[in-house]
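Reviewing the structure listed below.
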2 protein chains.
Amino acid sequence: MLEKKDKFLKSERCPVRNILDRFGDKWSTLVILVLNEEQKLRFNELHRVIGDISQKMLTVTLRNLEADGLVSRKVFAEIPPRVEYQLTDIGKSLVPHISGLITWADDNFSSILESRSSYQQKKKN
Amino acid sequence: MLEKKDKFLKSERCPVRNILDRFGDKWSTLVILVLNEEQKLRFNELHRVIGDISQKMLTVTLRNLEADGLVSRKVFAEIPPRVEYQLTDIGKSLVPHISGLITWADDNFSSILESRSSYQQKKKN
DNA sequence: TCTTTGAGTTACCAAAAGTAAGTAACAAAC
DNA sequence: GTTTGTTACTTACTTTTGGTAACTCAAAGA
């Protein structure tokens with residue numbers, strides 16, 4: 001019990017674990033990338049662009065990114081409501097590192113797909 | 001304009017979404033980092049080093065990484081069993097990109113923590 | 001009056017992950 | 001010769017997380 005709590009606190013304080021937990025939610029990275037491409041987007045625009053995120057998870061993801069200071073949220077006092085999201089400077093500073101991953105993904109995607117299908121073959125034997 | 005990106009992002013064959021889904025599971029990245037530091041590890045060693053991963057999820061994560069060709073699995077015909085995991089060349093080629101993220105995390109961790117606590121304050125008002 | 005609009009919330013259900021116990025195979029200890 | 005210990009997993013069960021669809025608010029337009 002103590003041990004478990006200890007580990008929990010440890011990962012709370014560890015920058016590595018902390019940032020990995022942020023990426024461990026499947027939507028944050030994607031939202032950052034989309035906001036980086038479009039500069040400024042309203043809630044429903046983000047929803048449409050990403051396509052397969054639920055409203056609920058888009059809300060949660062944006063709130064977390066806002067809480068971490070990576071995304072800014074600007075509410076206009078209009079009806080119907082208008083809310084604009086965009087990356088903060090810190091949010092923008094993260095983008096190049098994600099882009100590195102994306103480049104890697106592009107370069108190695110076919111190799112990974114091959115590996116996956118040959119792994120499936122092996123499993124059948 | 002938005003619709004084109006919509007299709008692109010939704011596609012199962014999209015390298016971006018594919019790699020993000022890989023990182024969207026919370027353990028793969030950490031396993032890769034640990035294997036990179038230690039070169040070669042047995043199942044229980046990985047389990048101990050990571051600490052708060054369950055055996056089940058360690059198994060699942062390692063199988064996925066193996067399927068994708070990022071990690072190799074070497075079984076020795078011994079009793080008790082011995083299985084060694086290590087990064088493949090492709091797995092190793094991914095590490096620098098993850099390291100970029102880690103560096104960013106270290107540099108911006110205090111800023112993020114500050115942002116989080118001031119966000120909590122705002123919520124109370 | 002009724003519908004539409006944008007940015008969410010909420011209640012309910014499905015999927016993913018955590019927990020704890022079990023399994024296989026054999027060697028060593030009792 | 002039965003029990004214990006070792007390692008790398010499975011499996012059954014529970015909890016947490018995420019998805020779905022309906023609902024809300026307040027005003028503008030038909």
Side-chain angles (χ1 to χ4, degrees), chain A residues 1-8 10-12 17 20-31 34-35 38 40-67 71-86 119 122-123, chain B residues 2 9-10 12 17 20-31 34-35 38 40-67 71-86 122-123:
Chain A
M1 260 185 282
L2 272 176
E3 209 182 35
K4 199 177 173 185
K5 196 176 184 181
D6 209 18
K7 283 172 187 166
F8 181 70
K10 202 167 121 192
S11 66
E12 286 292 293
R17 290 304 298 276
L20 289 181
D21 284 349
R22 200 22 92 252
F23 286 90
D25 85 349
K26 62 191 271 196
W27 296 115
S28 297
T29 313
L30 196 55
V31 168
V34 169
L35 281 177
E38 305 284 342
K40 183 185 295 185
L41 285 176
R42 300 174 63 172
F43 184 88
N44 277 347
E45 289 174 334
L46 269 165
H47 193 215
R48 271 197 304 280
V49 172
I50 297 181
D52 56 348
I53 192 174
S54 64
Q55 284 188 316
K56 178 180 158 186
M57 286 317 295
L58 182 53
T59 304
V60 170
T61 303
L62 287 169
R63 289 292 174 283
N64 286 338
L65 291 173
E66 191 196 356
V71 161
S72 71
R73 179 171 182 271
K74 193 170 176 182
V75 183
F76 296 82
E78 303 171 0
I79 300 278
R82 181 156 61 106
V83 180
E84 286 179 354
Y85 293 94
Q86 61 183 319
Y119 185 83
K122 261 203 292 185
K123 270 180 68 178
Chain B
L2 293 181
L9 288 167
K10 268 203 249 181
E12 298 296 313
R17 289 304 299 276
L20 288 181
D21 284 348
R22 206 11 100 251
F23 286 90
D25 85 351
K26 62 192 271 194
W27 296 116
S28 297
T29 314
L30 195 55
V31 168
V34 169
L35 281 177
E38 305 284 342
K40 183 186 294 185
L41 285 175
R42 298 175 64 173
F43 184 88
N44 278 348
E45 289 172 335
L46 269 165
H47 193 215
R48 271 196 304 279
V49 171
I50 296 180
D52 55 347
I53 191 174
S54 64
Q55 285 188 319
K56 177 180 155 186
M57 285 318 295
L58 182 53
T59 304
V60 170
T61 303
L62 286 169
R63 290 291 175 283
N64 285 337
L65 291 173
E66 192 196 354
V71 161
S72 71
R73 180 171 181 270
K74 192 170 176 184
V75 183
F76 296 82
E78 301 173 3
I79 300 280
R82 181 156 62 107
V83 180
E84 286 180 353
Y85 293 94
Q86 60 182 321
K122 261 202 293 184
K123 269 180 69 178

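Note on naming: letters A, B, ... go to the chains in the order of the sequence lines (proteins, then strands), and numbering restarts at 1 for each one.
A straight line from NZ of B:K74 to P of D:dT7 spans 19 Å, rounded to a whole angstrom. When rounded to the nearest whole Å, the span between CD of B:E78 and P of D:dA8 equals 10 Å. Straight-line distance from the CG atom of A:L58 to the P atom of D:dG18: 13 Å, rounded to whole Å. Rounded to whole Å, the distance from CD1 on A:I53 to P on D:dG18 is 10 Å. Atom CZ of B:R82 is separated from atom P of C:dC26 by 17 Å (rounded to the nearest Å). When rounded to the nearest whole Å, the span between CG of B:D25 and C1' of C:dA15 equals 15 Å. As rounded to whole Å, 14 Å separates atom P of C:dA17 from atom CD1 of B:I50. Nucleotide D:dT7 holds its P atom 14 Å from the CG atom of B:L46, rounded to whole Å.
When the nucleotides D:dG19, C:dG8, D:dT10 are ranked by their closest atom to the side chain of A:R63, C:dG8 comes out on top. With C:dA7, C:dA25, C:dT19 as the candidates, the nucleotide lying closest to the side chain of B:I79 is C:dA25. Ranking C:dA7, D:dG19, C:dT9 by closeness to the A:M57 side chain, first place goes to D:dG19. Comparing atom distances between the B:V83 side chain and each of D:dA8, C:dA11, C:dA17 picks out D:dA8 as nearest. Considering only side-chain atoms of A:R73, the nucleotide from D:dC9, C:dG8, D:dG19 that sits closest is C:dG8.
Checking the phosphate oxygens (OP1, OP2) of C:dA7, a side-chain nitrogen or oxygen of A:R42 falls inside 4.0 Å. Residue A:Y85 places none of its side-chain N or O atoms closer than 4.0 Å to OP1 or OP2 of C:dG6. For the OP1/OP2 pair of D:dT17 and a distance below 4.0 Å, the side-chain nitrogens and oxygens of A:W27 include no atom meeting the criterion. At the phosphate of C:dA21, neither OP1 nor OP2 sits under 4.0 Å from any side-chain N or O atom of B:K56.
Contacts of A:F76 with the nucleic acid, taken as non-hydrogen atoms under 4.0 Å apart, are absent.
Side-chain contact between A:L20 and B:W27 is absent, with no heavy-atom pair separated by less than 4.5 Å.
In this structure, A:D52 does not pair ionically with A:K26, as no charged nitrogen and carboxylate oxygen lie closer than 4.0 Å. Between B:R82 and B:E84, at least one side-chain nitrogen of the basic residue sits less than 4.0 Å from a carboxylate oxygen of the acidic one, meeting the salt-bridge criterion.
A:T61 and A:N64 are not linked by any side-chain donor-acceptor pair at a separation below 3.5 angstrom, with hydrogens and angles left out of the test.
At least one donor-acceptor pair under 3.5 Å links the side chain of B:E45 to the backbone N or O of B:R42.
Comparing B:R48 and A:P80, the nucleotide of DNA chain D nearest to each residue sits closer to the 5' end for B:R48.
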